[in-house]
Amino acid sequence: MRFEILRLDDIDGTPVDSTVVDAASVNRIVQDAAAIGQRLWIRPADSPAS
């Protein structure tokens, strides 16, 4: 499964950039963001229709 991770602005919470990663990468990204106090929004990435 893939997830879209949006980094949020510290002031107003608007998304400033996004990336799509596999499930194995989510934990590392969350830990890195927590270490510096960065806010994230994580949601399932759209997947192509089968």
Side-chain angles (χ1 to χ4, degrees):
M1 181 167 200
R2 297 179 62 78
F3 293 90
E4 180 179 19
I5 299 178
L6 295 97
R7 296 185 191 280
L8 304 178
D9 182 79
D10 291 338
I11 305 300
D12 61 10
T14 58
V16 293
D17 77 4
S18 70
T19 187
V20 176
V21 299
D22 62 0
S25 300
V26 173
N27 186 44
R28 178 188 52 80
I29 292 170
V30 168
Q31 287 182 8
D32 290 348
I36 60 173
Q38 189 170 52
R39 296 166 52 190
L40 301 176
W41 178 15
I42 303 171
R43 61 186 179 188
D46 293 331
S47 58
S50 348

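Values below: every heavy atom of this structure, side chains too, minus hydrogens, waters and symmetry copies. Positions are given from 1, in the same order as the sequence printed here.
- The hydrophobic cluster containing W41 also includes L6, L8, under a criterion of side-chain heavy atoms closer than 4.5 Å among ILVMFWY residues, counted directly or through chains of members.
- Its side chain within the 4.5 Å cluster rule, V21 clusters with M1, F3, I5, V26, I29, V30, L40, I42 among the Ile, Leu, Val, Met, Phe, Trp and Tyr residues.
- Residues passing the salt bridge (charged side-chain N to carboxylate O under 4.0 Å, His left out) test with D10, sequence neighbours excluded: none.
- Enclosure of atom CD1 in I36 by more than 12 non-hydrogen atoms of other residues, nucleotides or ligands within 6.0 angstrom is indicated.
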